[in-house]
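A short worksheet on the structure shown next.
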Amino acid sequence: MNDRQNAKITMYQTVYNTCNEFASVYANTPAFINGLKALNEGIASIRKAEAQQIDALSKGVTQEKTGVEETLVLSILKVSGALYVYAFDTGNKELAAKVDMNKTQLFRMENNTLLVTAGEIAAKAAKTGAALADYGIGAAELADLSEHMADFEALLVKPRTVIGEHKRHTTNLTRLFAETDSVLYDRLDKLINLFKVSEPDFYASYKNARNVINTSVRKKKTEEEA
């Protein structure tokens, strides 16, 4: 939630708590009771949506990506190392140059570059075929590399999913605030006038509770004016 929304939810809660202190005053006014119930439900819905928004935003993939990336890098090095020795033994300098890499180089690569590099190593190993068996690389090792590539590629799209989920909860929050505002503007704010004369303390307390003070905006304005 933004600062304005935080100020609003505080106001909603203050209004609800204030009205509860005067429950006996509107005990015989079902419309006011129903309005207050709707306000409480709105607060609960907003709190739930806020928790979902925070949860979506916290679903970072950095730690998971580190583990998957390291597994992929080690798999690349296993296959590329075998390819290098094979190239050295067969005098294939061109192949040796292309597969000569180390862990630091791989970790410094951009995500997509690392994925492409893994694919190129896999293709070279597949082209070499059974000759790599003597160097410790067979079908199982190539299958592992392919699996690790797929895991890494799948992980790269996760941030987009997280962003989309966060936006969805943000939109939901906007809708819930609008609905809860309506409970106040179109119901409670109108019904409170029933008590202006007969119950002035309740009326004044309600009006005070309805004041939204966005402290962050006021602070920024004060700093700009200074």
Side-chain angles (χ1 to χ4, degrees), residues 1-6 45-178:
M1 290 196 297
N2 58 38
D3 291 333
R4 180 67 176 176
Q5 289 173 330
N6 276 316
S45 295
I46 289 171
R47 291 298 188 195
K48 181 178 179 180
E50 179 190 23
Q52 292 172 332
Q53 183 190 48
I54 293 173
D55 182 61
L57 194 61
S58 66
K59 289 179 180 176
V61 296
T62 302
Q63 186 173 357
E64 184 180 0
K65 175 179 175 295
T66 299
V68 174
E69 183 178 21
E70 184 169 0
T71 300
L72 175 60
V73 166
L74 293 177
S75 187
I76 292 172
L77 290 173
K78 182 187 293 185
V79 178
S80 64
L83 276 170
Y84 179 87
V85 178
Y86 165 79
F88 179 81
D89 286 348
T90 58
N92 191 336
K93 294 183 180 180
E94 182 180 356
L95 177 60
K98 289 181 178 180
V99 299
D100 185 15
M101 54 191 66
N102 58 52
K103 189 174 182 179
T104 300
Q105 289 174 324
L106 292 171
F107 272 121
R108 285 179 177 174
M109 289 181 179
E110 294 292 335
N111 293 332
N112 289 329
T113 302
L114 178 61
L115 202 56
V116 169
T117 299
E120 291 174 346
I121 293 297
K124 287 179 173 59
K127 186 176 180 180
T128 303
L132 279 183
D134 290 343
Y135 297 84
I137 301 297
E141 287 70 28
L142 294 182
D144 285 344
L145 176 57
S146 180
E147 182 180 344
H148 299 324
M149 287 169 59
D151 290 343
F152 187 71
E153 185 173 18
L155 197 60
L156 295 184
V157 303
K158 276 197 173 183
R160 300 174 194 170
T161 303
V162 170
I163 291 172
E165 185 178 351
H166 182 261
K167 285 184 177 180
R168 184 169 67 255
H169 291 308
T170 299
T171 299
N172 190 36
L173 269 175
T174 300
R175 176 182 61 78
L176 290 172
F177 270 105

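- Atoms CG and OH, from Asp134 and Tyr86 in turn, are 10.5 Å apart once rounded to the nearest 0.5 Å.
- In this structure Lys78 satisfies the salt bridge (charged side-chain N to carboxylate O under 4.0 Å, His left out) test with no other residue, sequence neighbours excluded.
- Taken from CG in Leu114 to CE in Met149, the straight-line distance is 9.5 Å, to the nearest 0.5 Å.
- In plain terms, the two heavy atoms of Lys103 and Val73 that are nearest each other are CG-CG1, 4.0 Å.
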Step by step, would you call Lys124 with Glu120 a salt bridge (charged side-chain N to carboxylate O under 4.0 Å, His left out)? CA-CA 6 Å; Lys124 287 179 173 59; Glu120 291 174 346; 5.0 Å; no

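- Heavy-atom contacts from other residues, nucleotides or ligands closer than 6.0 Å to CZ of Phe88 number 12 or fewer.
- When each of Thr128, Leu83, Val79 is tested with Ile137 by the rule side-chain contact (heavy atoms from CB on, under 4.5 Å), just one qualifies, namely Val79.
- Considering CD1 of Ile46 and CG of Asn6, their distance stands at 10.5 Å, rounded to 0.5 Å.
- Thr117 places a side-chain N or O within 3.5 Å of a backbone atom of Thr113 that can act as its donor or acceptor partner.
- With His148 as the partner, the side-chain contact (heavy atoms from CB on, under 4.5 Å) test is satisfied by one option alone out of Leu74, Leu72, Ile76: Leu72.
- The shortest distance between side-chain heavy atoms of Asp89 and Val85 falls below 4.5 Å.
- The main-chain N or O of Thr71 is never found under 3.5 Å from a side-chain atom of Ser75 such that the two would form a donor-acceptor pair.
- Considering every non-hydrogen atom in both Leu145 and Ala118, the closest pair reads CD2-O, 4.1 Å.
- Between Phe152 and Glu69, the closest heavy-atom pair is CE1-CB, 3.7 Å.
- With hydrogens and angles ignored, the 3.5 Å screen pairs a side-chain donor or acceptor of Gln105 with a backbone N or O of Asn102.
- The minimum heavy-atom distance between Ser45 and Leu176, with the atom names listed, is O-CD1, 3.5 Å.
- Scanning all heavy atoms of the two residues, the minimum distance from Ala87 to Ala96 falls at CB-N, 3.5 Å.
- Listed here is the closest heavy atom pair of Leu132 and Ala82: CD2-O, 4.0 Å.
- The salt bridge (charged side-chain N to carboxylate O under 4.0 Å, His left out) check on Glu50 picks up Arg47, with sequence neighbours excluded.
- Side chains of Met101 and Tyr84 form no contact here, defined as non-hydrogen atoms less than 4.5 Å apart.
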